[in-house]
Protein chains: 2
Amino acid sequence: MLKSERHQIILKEVEKRNRVQLQDLVQRLNVSIDTVRRDVKELDGEHKLRKVHGGAVSLGFASFSPQRNSIYALEAKTHIAEKAIGMVSEGQVIFLDGGTTCLEMARSLPAEWELKVFTHSIPVALELLQKPRYTVEFIGGTLSPESHLAQGIAAVRQLAELHLDMAFIGTGYVDAEHGLSESVWETAQMKKSLIEAARKTVLLCISEKVNSHHRFRSCSLDRIATLITEKDPGDSELKNFQNLQLDLR
Amino acid sequence: MLKSERHQIILKEVEKRNRVQLQDLVQRLNVSIDTVRRDVKELDGEHKLRKVHGGAVSLGFASFSPQRNSIYALEAKTHIAEKAIGMVSEGQVIFLDGGTTCLEMARSLPAEWELKVFTHSIPVALELLQKPRYTVEFIGGTLSPESHLAQGIAAVRQLAELHLDMAFIGTGYVDAEHGLSESVWETAQMKKSLIEAARKTVLLCISEKVNSHHRFRSCSLDRIATLITEKDPGDSELKNFQNLQLDLR
DNA sequence: TTTAAAACAGCAAAAAACAGCATATTTAAG
DNA sequence: CTTAAATATGCTGTTTTTTGCTGTTTTAAA
């Protein structure tokens, strides 16, 4: 089989499924994994697809808004997003954090509203830009290659100058004792500045993350006005939070 | 068998199957591999097919570019990008403007380099983030829904604090008399701040835009160190620029 | 942290491409 | 018709490309 034939087949496959595993291509093309790897690498070099560990993804898709059907616990996050949107009203100035939960919220915000939204997440920004009446303010900084999120000193400085009605944030970990925490120092710093800038902070968090903590604390629970999970506020998983000065939804 | 006969058969085969292997043609035509090779090479020279290692493919078959094929004057822009990259060296701190020419430059920058790149364009940033050794610094601001570019006061203020080795910028319009100009006021303001922040400004511009101007002037030509077009520096289209204090490439 | 999979670098065999040469075939001119 | 020149074809030896395999390093996930 000609190399260009293989390339064609690979591109078709990527186009169709948005992503392929190298092993699948090995089967499909009857060549060694090394050949497939080299093919994919070459196509990546020509910007016809994007090579990732173990496979390849299509470019349009590599725009990195994570593929919706691959988001972990999507249903829970949609549910959280719905509740969160119930707290927003037209004309406000809000902040949306990165992460798939906030991305889901950005997707679900009513397109017919007029809203000014700050964010430091490229996927969130791209989602919001689809809504013609929104003003999207991007907080610049050093972009993280993994999350496509602006962080670092520049970002923190910009946040320090802001005054927001409401900030919707995610977190890596949260429990009643330690508050919010992160596994990455930079991320924790961002959350801190964010919470400073907002009159009211709303934490969006799937119940799975509740009652866990990690090394870098970003904020104590008393700075959080509202905690939204996909569970009912009375759910037993949330019992550690039910007696706090915290609006549980 | 006549040569033209063989050519006909080869082209038919390519048309029918989109691809052929030279060895199959050897069988089919009863001639040596060298002859087939020479035939195919000749047809490639006449742009009737594309020769690849081990065979040939039909012209339509080889090209496959879902997004990029919609870029206007892509070839010229690629050419410009190549010239521009020749001016960059590893370890520098540079700025990349938005626009398809700069995007093409971002694509073509060597992935193995280590480089810190500032930009205010989301597409450019996403492209650069694919290169693992690059540091991408995003200039935040109000995002334009059309161009996915950060602009406005916040962006200008961030630019004012920067000191860059080199800025690669595009422009809406340029001529020898009026310098650089834009049709949108906001854009012109951005370019102004940009040029202030850079020790050296390089203008990337397809020749088509040369010798045109519009309402909002962003910069006079003496602030531009280098002008890169896809044409030869001696080309008559550029005659108005050849006597200026301007590095023409 | 550990562990399995994936990526990578380098090597070697096979196939293809290439350059140069010799032979054959066609063309054109005398 | 003959001959010289141009062209076409096949062959030889060399170089390049492709491909699979080895062992090692890196990456991602448990």
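Proteins come first, then strands; the chains are lettered A, B, ... in the order of their sequence lines, and each starts at number 1.
- Atom P of nucleotide D:dA8 and atom CZ of B:Arg37 are separated by 18 Å, given to the nearest angstrom.
- Salt-bridge check for B:Lys12 with B:Glu15: failed, with every basic side-chain N at 4.0 Å or more from each acidic carboxylate O.
- For CD of A:Gln242, the number of neighbouring non-hydrogen atoms (other residues, nucleotides, ligands) closer than 6.0 Å is greater than 12.
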Output side-chain donor-acceptor pairs under 3.5 Å for residues 173-180 of chain A, partner residues at least two apart or in another chain, one line each.
| unit_1 | atom_1 | unit_2 | atom_2 | d |
| --- | --- | --- | --- | --- |
| A:Asp175 | OD1 | A:Glu177 | N | 3.2 |
| A:Asp175 | OD1 | A:His178 | N | 2.6 |
| A:Asp175 | OD1 | A:His178 | ND1 | 3.1 |
| A:Asp175 | OD2 | A:His178 | ND1 | 2.9 |

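- Residue pairs meeting the salt bridge (charged side-chain N to carboxylate O under 4.0 Å, His left out) criterion with at least one member in residues 30-40 of chain B, sequence neighbours excluded: B:Arg6-B:Asp39.
- Residue B:Leu25 contributes atom CG, which lies 12 Å from atom P of C:dA16 at whole-angstrom precision.
- Note on the helix from C:dT1-D:dA30 to C:dG30-D:dC1: angle between the axes of the first and last five pairs equals 40°, rounded to 10 degrees.
- Here D:dT19 presents its P atom at 11 Å from CE of A:Met1, a figure rounded to the nearest Å.
- Residues from residues 5-16 of chain B that place a heavy atom under 4.0 Å from any atom of DNA chain D, listed by number: B:Arg6.
- A:Glu42 meets the side-chain hydrogen bond (donor to acceptor under 3.5 Å, both in side chains) test with A:Lys3; sequence neighbours excluded.
- Note: CD1 (B:Ile33) to C1' (D:dC11) measures 13 Å, nearest angstrom.
- Formation of a donor-acceptor pair under 3.5 Å by the A:Asp44 side chain with backbone atoms of A:Arg50 is not found in this model.
- Distances from the side chain of A:Ser32 to the nucleotides D:dT19, D:dG10, D:dG20 place D:dG20 closest.
- Scanning for salt bridge (charged side-chain N to carboxylate O under 4.0 Å, His left out) contacts around A:Arg217 gives an empty result, with sequence neighbours left out.
- Contact annotation for A:Leu22: backbone-only contact, meaning every heavy-atom pair under 4.0 Å involves sugar-phosphate atoms and none involves a base.
- The two residues A:Leu204 and A:Ala84 come nearest to each other via the heavy atoms CD2-CB, 3.7 Å.
- Ion pair A:Lys191/A:Glu186 not flagged as a salt bridge, since none of the NZ, NE, NH1 or NH2 atoms sits closer than 4.0 Å to an Asp/Glu carboxylate oxygen.
- At the heavy-atom level, A:Gln23 lies under 4.0 Å from the strands shown only through sugar-phosphate atoms.
- Across all strands shown, A:Val52 has heavy atoms under 4.0 Å from sugar-phosphate atoms exclusively, and none from any base.
- In this model, the phosphate group of D:dT9 is not approached by any side-chain N or O of B:Thr35 to a distance below 4.0 Å at OP1 or OP2.
- Atom pair A:Asp39:CG and D:dT19:P shows a separation of 7 Å (rounding to whole Å applied).
- Atom CG in B:Asp24 sits about 14 Å away from atom C1' in C:dA16, given to the nearest Å.
- Under the rule for a side-chain hydrogen bond (donor to acceptor under 3.5 Å, both in side chains), the partners of B:Arg133 that lie at least two apart in sequence or sit in another chain are B:Glu114.
- Under 4.0 angstrom from either OP1 or OP2 of C:dA17 there lies at least one side-chain N or O belonging to B:Lys51.
- The existence of a salt bridge linking A:Glu196 and A:Lys192 is excluded, since no basic side-chain nitrogen approaches an acidic carboxylate oxygen closer than 4.0 Å.
- In this structure, the side-chain contact (heavy atoms from CB on, under 4.5 Å) partners of A:Gln23, at least two apart in sequence or on a different chain, are A:Val26, A:Ile33.
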Protein N or O to nucleotides 9-12 of chain C N or O, pairs below 3.5 Å:
none

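- Legend: residues meeting salt bridge (charged side-chain N to carboxylate O under 4.0 Å, His left out) with B:Glu90, ordered by chain and number and at least two apart, are absent.
- For the salt bridge (charged side-chain N to carboxylate O under 4.0 Å, His left out) test, no residue two or more places apart in sequence or in another chain qualifies with A:Lys239.
- At whole-Å resolution of the value, CG in A:Leu2 and C1' in D:dT19 are 14 Å apart.
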Can you give me the N/O atom pairs linking the protein to nucleotides 25-30 of chain D at distances under 3.5 Å, or say none if there are none?
none

